[in-house]
Engineer: 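Can you read through this structure? Questions will come right after.
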Amino acid sequence: MSNPATKTNIPRAFTLLLSIPLAGLALVGCGSKATESESQMTSYSSSESKADSANLFTVPQDQMTHLKVVAVEKSRLPRVLRLTGAVAYNGFKTTPVFSAVGGPVQEILAEPGQNVKTGQTLLTVTSPDYSAARSAYMKARSASQLTDKSYDRSKDLYEHHAIAERDFQQAESDRALAQADLQSTADALRALGLNDPEALVKNPPKSTGQIPVTAPAGGQIVERLVGPGQLLQAGATQCFTISDMSTVWVLVNVYQNDLASVRVGDTVDITTDAYPDVFHGKISYVSAALDPNTRTLQARIVTSNPGQKLRKDMYVTATVQAGAIRDALTVPDAAVLRDTENQPFVYVQSGSNQFARRLVQVGDSLGGRTLVTTGLKEGEHVVGDGGLFLQFKNSLQH
């Protein structure tokens, strides 16, 4: 027979055995919470110190000769803006050429790329209006010459009491009317673009109906917009574009956050991929409004163009000397390295031979030193030379 007490004790013993691992689990759970609590208490004062502790590694003393450690210092760093833009004609030295008369183009006497002088004939136009104006001028000129001679003769006769005073006054009136007609017809020719009506007598055209279209200003013909036989509309059809290419405009786009650093009169260096030359200019105008699409503002630079190398719509880079940044934190250019994600970083010295990698944000580089905007403090020491050696050493230890 079985013992009743034994039946009663088995379940109790089984319960005790089950309670032991549960208690252990409870202790483990408490230990985890304690560990988490301790880790939370062991906090870093800044994200930089976290990164430093995570990436801290040691360089043997005999290998420290490969490194040059320098201090992060404040200095006055010239501010340089690099702006992109395109070349345009100098608007103040660019002149469109229009024909003052209507009619078909008879002959073209100038081509793009040719340098012309003021008053040089660029093309001729066959125009009935010009033919009528020219005839009127020639008649008025002839009548004026005749009345001049009549006046001189009447004056001589009057002084010798050979004619009456009334006859002399009539000769004087005829001469005044003839001069007025001559002036009127000459003005009509000038309105048609012929600045020197007397040239019709000195150098008569091949045809009385052909009027020359002359250059209103000197420079290079950069555009020809008409062809032989094309019908021109008086004052409306542009024939040529003349520009003085000794200077050009460079139109650059300035971002809103750089606007305070761009001023009229600032000197600018212009470079392009087409030439090794550096072209020099000055900012002459800054637009009063931003482009709502690009959020940029256009600035105009007047640039000298020796050899006329800069051409319209050529892409260029403009380097603007825009004052200086005071108390700028700088490090040697060699101190800034790039990781696999192209993020800039430096090696900060934590001990005599201990270093940590720290991400930074950098700005312009000038004179061998790079501006550090965030990530470093004045007085910290970084590896100024030998960073590549340290990067290789760090990769081996990890």
Side-chain angles (χ1 to χ4, degrees), residues 78-98 108 110-118 120 122-123 213-227 237-323 363-366:
R79 183 178 179 84
V80 179
L81 296 180
R82 291 177 176 84
L83 309 173
T84 58
V87 178
Y89 298 134
N90 187 332
F92 297 146
K93 296 185 178 182
T94 300
T95 306
V97 180
F98 292 88
I108 295 179
E111 294 295 334
Q114 179 180 344
N115 291 317
V116 296
K117 299 179 180 179
T118 303
Q120 181 175 337
L122 305 180
L123 57 80
V213 176
T214 58
Q220 183 184 119
I221 296 178
V222 295
E223 288 180 311
R224 192 193 81 179
L225 304 172
V226 295
T237 305
Q238 183 177 348
C239 306
F240 296 93
T241 302
I242 299 175
S243 182
D244 183 356
M245 295 297 292
S246 61
T247 61
V248 294
W249 284 354
V250 172
L251 305 178
V252 296
N253 297 319
V254 182
Y255 287 99
Q256 184 173 343
N257 57 343
D258 293 328
L259 181 57
S261 302
V262 176
R263 295 179 177 86
V264 174
D266 288 345
T267 58
V268 183
D269 293 333
I270 307 295
T271 57
T272 176
D273 295 338
Y275 309 104
D277 309 56
V278 178
F279 304 88
H280 306 285
K282 288 185 177 182
I283 296 177
S284 63
Y285 174 76
V286 178
S287 176
L290 275 75
D291 187 322
N293 297 320
T294 62
R295 304 304 301 168
T296 60
L297 181 144
Q298 191 176 79
R300 184 177 69 212
I301 302 167
V302 179
T303 308
S304 58
N305 188 20
Q308 300 182 359
K309 294 182 178 180
L310 294 177
R311 310 295 178 88
K312 186 177 184 295
D313 296 328
M314 182 180 288
Y315 288 109
V316 296
T317 300
T319 304
V320 183
Q321 304 297 331
D364 296 331
S365 174
L366 189 67

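Excluded from the calculations below are hydrogen atoms, water molecules and symmetry mates; all remaining heavy atoms, backbone and side chain alike, are included.
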Engineer: Quick check for you: to the nearest 0.5 Å, what is the distance between L83 atom CG and T319 atom OG1?
Structural biologist: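 Here the rounded value is 8.0 Å.
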Engineer: Who pairs with D258 by salt bridge (Lys or Arg N to Asp or Glu O under 4.0 Å), at least two apart in sequence or on another chain?
Structural biologist: R79
Engineer: Is there a donor-acceptor contact under 3.5 Å from the side chain of D266 to the main chain of I283?
Structural biologist: no
Engineer: Check S284 against V302 and note the closest heavy-atom contact, atom names and distance.
Structural biologist: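 In this case the closest contact between S284 and V302 is OG-CG2, 3.4 Å.
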Engineer: Quick check: are there more than 12 heavy atoms from other residues, nucleotides or ligands sitting under 6.0 Å from CG of D273?
Structural biologist: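 12 or below, so no.
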Engineer: Find out whether P306 and F279 are in side-chain contact, i.e. whether some heavy atom of one side chain is under 4.5 Å from a heavy atom of the other.
Structural biologist: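 Yes - at least one pair of side-chain heavy atoms lies under 4.5 Å apart.
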Engineer: Roughly how far, to the nearest 0.5 Å, is OG1 of T294 from CD of Q256?
Structural biologist: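 Spacing of CD (Q256) from OG1 (T294) equals 11.0 Å.
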Engineer: Which residues pass the side-chain contact (heavy atoms from CB on, under 4.5 Å) test with R311, not counting sequence neighbours?
Structural biologist: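 side-chain contact (heavy atoms from CB on, under 4.5 Å) check on R311 returns M314.
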Engineer: To the nearest 0.5 angstrom, please state how far the CG atom of D244 sits from the CD atom of Q220.
Structural biologist: 9.5 Å
Engineer: Quick check: closest heavy atoms across V248 and A88, and the distance to 0.1 Å?
Structural biologist: CB-O, 3.5 Å
Engineer: So, T271 side chain and V278 main chain: donor-acceptor pair closer than 3.5 Å or not?
Structural biologist: no
Engineer: I'd like to know if the side chain of T272 and the backbone of Y315 have a donor-acceptor N/O pair within less than 3.5 Å.
Structural biologist: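 Between the backbone of Y315 and the side chain of T272 there is a qualifying donor-acceptor contact (under 3.5 Å).
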Engineer: Minimum heavy-atom separation for S261 and L81, please, with both atom names.
Structural biologist: CB-CD1, 3.9 Å
Engineer: Supply the atom-to-atom distance F98 CZ to L225 CG, rounded to the nearest 0.5 angstrom.
Structural biologist: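 Here the interatomic distance stands at 9.0 Å.
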Engineer: Between V262 and V286, is there a side-chain heavy-atom distance shorter than 4.5 Å?
Structural biologist: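 Contact flag for V286/V262 side chains = yes.
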Engineer: Hey, could you give me each pair passing salt bridge (charged side-chain N to carboxylate O under 4.0 Å, His left out) that has a residue in residues 284-295? Not counting sequence neighbours.
Structural biologist: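 Sorted result for residues 284-295: empty, none.
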Engineer: Could you tell me the separation between the OG1 atom of T317 and the CZ atom of R82, rounded to the nearest 0.5 Å?
Structural biologist: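 Nearest 0.5 Å value for the OG1-CZ distance: 9.5 Å.
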Engineer: Tell me, please, which residues at least two apart from F92 pass ring-ring contact (aromatic ring centres under 6.0 Å, His included).
Structural biologist: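 Only W249 meet the ring-ring contact (aromatic ring centres under 6.0 Å, His included) criterion with F92.
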Engineer: Check L123 against C239 and note the closest heavy-atom contact, atom names and distance.
Structural biologist: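 Looking at all heavy atoms of both residues, the closest pair is CD2-CB, 4.0 Å.
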Engineer: What closest approach, in Å, do T241 and E223 show between heavy atoms, and which atom pair accounts for it?
Structural biologist: OG1-OE1, 2.8 Å
Engineer: Just to verify, which of V116, T94, V222 counts as forming a side-chain contact (heavy atoms from CB on, under 4.5 Å) with I242?
Structural biologist: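 Among V116, T94, V222, the one that satisfies the side-chain contact (heavy atoms from CB on, under 4.5 Å) with I242 is V116.
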Engineer: For S243 and M245, indicate whether the former's side chain and the latter's backbone hold a donor-acceptor pair under 3.5 Å.
Structural biologist: no
Engineer: Taking salt bridge (Lys or Arg N to Asp or Glu O under 4.0 Å) as the test, write out the residues that go with R300, two or more places apart.
Structural biologist: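 Listed in chain order: nothing, the list is empty.
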Engineer: More than 12 foreign heavy atoms under 6.0 Å from OH of Y255: is that the case here?
Structural biologist: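 No, the 6.0 Å shell around OH holds no more than 12 heavy atoms from other groups.
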Engineer: D277: what forms a salt bridge (Lys or Arg N to Asp or Glu O under 4.0 Å) with it, not counting sequence neighbours?
Structural biologist: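 For D277, the residues satisfying salt bridge (Lys or Arg N to Asp or Glu O under 4.0 Å) (neighbours in sequence not counted) are K309.
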Engineer: Which atom names give the shortest non-hydrogen contact between V226 and Q238, and what distance separates them?
Structural biologist: CG1-O, 3.7 Å
Engineer: Atom CG of L290 and atom OG1 of T296: how far apart are they, to the nearest 0.5 Å?
Structural biologist: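 Rounded to the nearest 0.5 Å, the CG-OG1 separation comes out at 6.5 Å.
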Engineer: Using the side-chain contact (heavy atoms from CB on, under 4.5 Å) definition, which of the options D269, L310, N90, T247 pairs with T303?
Structural biologist: L310
